[in-house]
Amino acid sequence: AERPSSATSRGTHVPKAMSLPPARATPLAARAARERAGVTVPRQRPGLAKGPTALALSSRRSTRELSAIVPRAQGDSQASSTDQSVLPAWLPLFVVPALGGSLFGYDIGATSSVVRLLGTGSSDLGSLDSLQLGLVASLPLLGAVVASALLIGIGDKNIGRKTEMYVASVLYGAGTLVQSLSGDLNPVLFGRLIYGLGIGIAMHAAPLYIAETTPTELRGKLVSLKEAAIVLGIVGGYAAGAAFNSDAPDAWRLVFQVALPLEAAMLALNALLLPESPRWLALRGLRDKAVQALMRGQRLDMDEAQSQVNQMMELSGSDGAAEDDLDFVERTKLLVSDPLNRKALQIGVGLVLLQQLSGQPSVLYYANRIFEKAGLGFEAAVGVGVFKTIMTLVSVGLVENPKWGRRPLLLTGTAGMAASLGALSAIFALAGGEEPSSTAVLACVVAFVGFYQIGFGPVTWLILSEIFPLKTRSAALSIGTLSNFASNFLVSALFEFERERVGESALFAQFAIIAAFAVWFETSQVPETRGLSLEQIEEKLKENL
């Protein structure tokens, strides 16, 4: 065959007489022949494939494999660019998990309205006692606890982050339909439990997916924005309750059904826009699919995507054999016996427990009672929700700022919470058994809420999504979400009991002491993770063992 001209060799035309080298050709000879034939083959940049696994795979890759993979990946990238070119690459990766958070928040706001409507005794469910109303309010929390416990045992074996969000959206929709269409109380309670399972799965998958798919420089902002999505969902639930606040016997059903379009959107957008988490794919040894997921989700070229996947697999020591072949007991032992896993659990679970045990659910509950006495229930609830959103956005703006970051926001927020709680305790102590000034109490509550939303609110979930090693990240985060929901339930259930027996001053003093301890914990245990990839955070934890 004639040697093609230089003009032809720079194009993509391959003369019929020329055939590509067979798979057994040496890598250098194969590359040279393919380049002479005009087939573009991406060159790996020096120093990227440091491990022997990557080098061996690169050397053994045949011409047939490359010719199959390159056009497919380039096609995916081109399709992704065409479909999403008008949107930032990170937007679809954020919107679907954020919808999962919004639906959690919506249920919080909607439930307060539904319980009020059902409590009047004029609904089509008849007259309900306090225990039945309590079950309507609390069963989603129980469902979330159950889902978190199940996810510890399931691990990463067959369920990726995208699949988890599929399941969560289906459970959300099924729960809404069952609880809003049932003719008597027991099916309604069953629907509430189903919805809670969706909450537990969504709140496990959302921070994981955002952290594992978005660029390092945006990870902190986007995971923190999920907290703002939850708060906006709460405000939406309050608004729906106000819109359908009537004596109609089925008004409470409409409050729940408002969520159906959001649940359908979560399901549809997940199917149409989202790739699977590239880090989950890399953990399973699916190198080529991980590369394609990065190209689709972040619009990277093949060289950069391959480089990042190589780093994921090499720094995590992943060869496709994740810890999923272990049973529940063995996986749990690994989480607590391995020094790296134990350190990460200490940080993550410690933050979650201190976040709840410092009184966040109880302070807001007490504030709502004051608002209702003043006849400002809905207006005050919406006002607090808007304020929480604003303060969350302040945190979002600072979390990647070189002068701030995760630790400074945590420390500032928790110290402010401790001061606010201490002031609340002093106000009740100085009142001497009389009713304290509502203005002073509310000023302390507003300060508490603001400091919580700067630090503990968004940053705790951000740290949870970053701190755990890849191989045990799913099970470890499940322990974190389980701790969150269980401690939230405990604090909420015991608040009235403690308040009646020890009084408000001692109760808020207890919360202040826990918040002060949290400041010490954050100072001594929590590392700064701003600007680091998830793999670099894992390396940093190893160095500090």
side-chain contact (heavy atoms from CB on, under 4.5 Å) evaluation trace for Leu482 with Ser478: CA-CA 6 Å; Leu482 174 62; Ser478 298; over 6 Å; no
From CA spacing to verdict: side-chain contact (heavy atoms from CB on, under 4.5 Å), Ile201, Leu171: CA-CA 9 Å; Ile201 295 174; Leu171 289 171; 3.6 Å; yes
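Within the 3.5 Å criterion, the main-chain N or O of Asp303 finds no donor-acceptor partner in the side chain of Ser307. Between the side chain of Asn484 and the backbone N or O of Gly480 there is no donor-acceptor pair closer than 3.5 Å. A side-chain donor-acceptor contact under 3.5 Å links Arg253 to the backbone of Ser182. Formation of a donor-acceptor pair under 3.5 Å by the Arg161 side chain with backbone atoms of Ala206 is not found in this model. Gln308 places no side-chain N or O within 3.5 Å of a backbone atom of Ala305 that could act as its donor or acceptor partner. In this structure, the side chain of Arg192 engages the main chain of Val136 through a donor-acceptor pair within 3.5 Å.
Side-chain contact between Leu534 and Leu470 is absent, with no heavy atoms from C-beta onward closer than 4.5 Å. You'll find the side chain of Leu274 stays beyond 4.5 Å of the side chain of Leu269, heavy atoms only. For the pair Trp252 and Val115, the minimum side-chain heavy-atom distance is 4.5 Å or more. Put simply, the side chain of Met417 reaches to within 4.5 Å of the side chain of Ser358, judged on heavy atoms. Between Ser123 and Thr120, every side-chain heavy-atom pair lies at or beyond the 4.5 Å cut-off. Here the side chains of Leu393 and Leu225 are in contact, with some heavy-atom distance below 4.5 Å. Using a 4.5 Å heavy-atom cutoff, the side chains of Lys226 and Pro207 are in contact. Considering only heavy atoms from C-beta on, Thr412 stays 4.5 Å or farther from Leu409 through its side chain.
For Arg279, the salt bridge (Lys or Arg N to Asp or Glu O under 4.0 Å) partners two or more places apart in sequence, or in a different chain, are Glu535. Applying the side chain to side chain contact (heavy atoms under 4.5 Å, CB included) test to Ser169 and every residue at least two apart in sequence or in another chain returns Met266, Leu267. Considering only residues two or more places apart in sequence or on other chains, Glu227 meets the salt bridge (Lys or Arg N to Asp or Glu O under 4.0 Å) condition with none of them.
For the pair Glu400 and Arg406, the salt-bridge criterion is met [side-chain N within less than 4.0 Å of a carboxylate O]. Using a cutoff of 4.0 Å between basic side-chain nitrogens and carboxylate oxygens, Lys289 and Glu276 are not scored as salt-bridged.
Under 3.5 Å, the side chains of Glu263 and Thr176 contain a donor-acceptor pair of N or O atoms. Between the side chains of Asn401 and Arg530, not a single donor N or O lies within less than 3.5 Å of an accepting N or O. Between Arg407 and Thr529, the side chains place no donor N or O within less than 3.5 Å of an acceptor N or O (distance only, hydrogens not considered).
More than 12 heavy atoms of other residues, nucleotides or ligands lie within 6.0 Å of CZ in Phe387, so this atom counts as buried by the packing criterion.
To the nearest 0.5 Å, atoms NZ (Lys221) and OG (Ser395) are separated by 9.5 Å. The OG1 atom of Thr111 sits 7.5 Å away from atom CD of Gln179, with the distance rounded to the nearest 0.5 Å.
Residue Arg473 forms a side chain to side chain donor-acceptor pair (under 3.5 Å) with just one option from Glu466, Glu538, Glu212, and that option is Glu212.
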Show me the donor-acceptor pairs, under 3.5 Å and distance only, between side chains in residues 89-105 and residues at least two apart or in other chains.
unit_1: Ser102; atom_1: OG; unit_2: Ala98; atom_2: O; d: 3.1
unit_1: Ser102; atom_1: OG; unit_2: Ala229; atom_2: O; d: 3.2

Please tabulate, one pair per line, all N/O donor-acceptor pairs under 3.5 Å involving side-chain atoms of residues 445-456, not counting sequence neighbours.
unit_1: Tyr452; atom_1: OH; unit_2: Gln355; atom_2: NE2; d: 3.2
unit_1: Gln453; atom_1: NE2; unit_2: Thr392; atom_2: OG1; d: 2.7

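Listed by first and then second residue, the salt bridge (charged side-chain N to carboxylate O under 4.0 Å, His left out) pairs involving residues 238-250 amount to none (not counting sequence neighbours).
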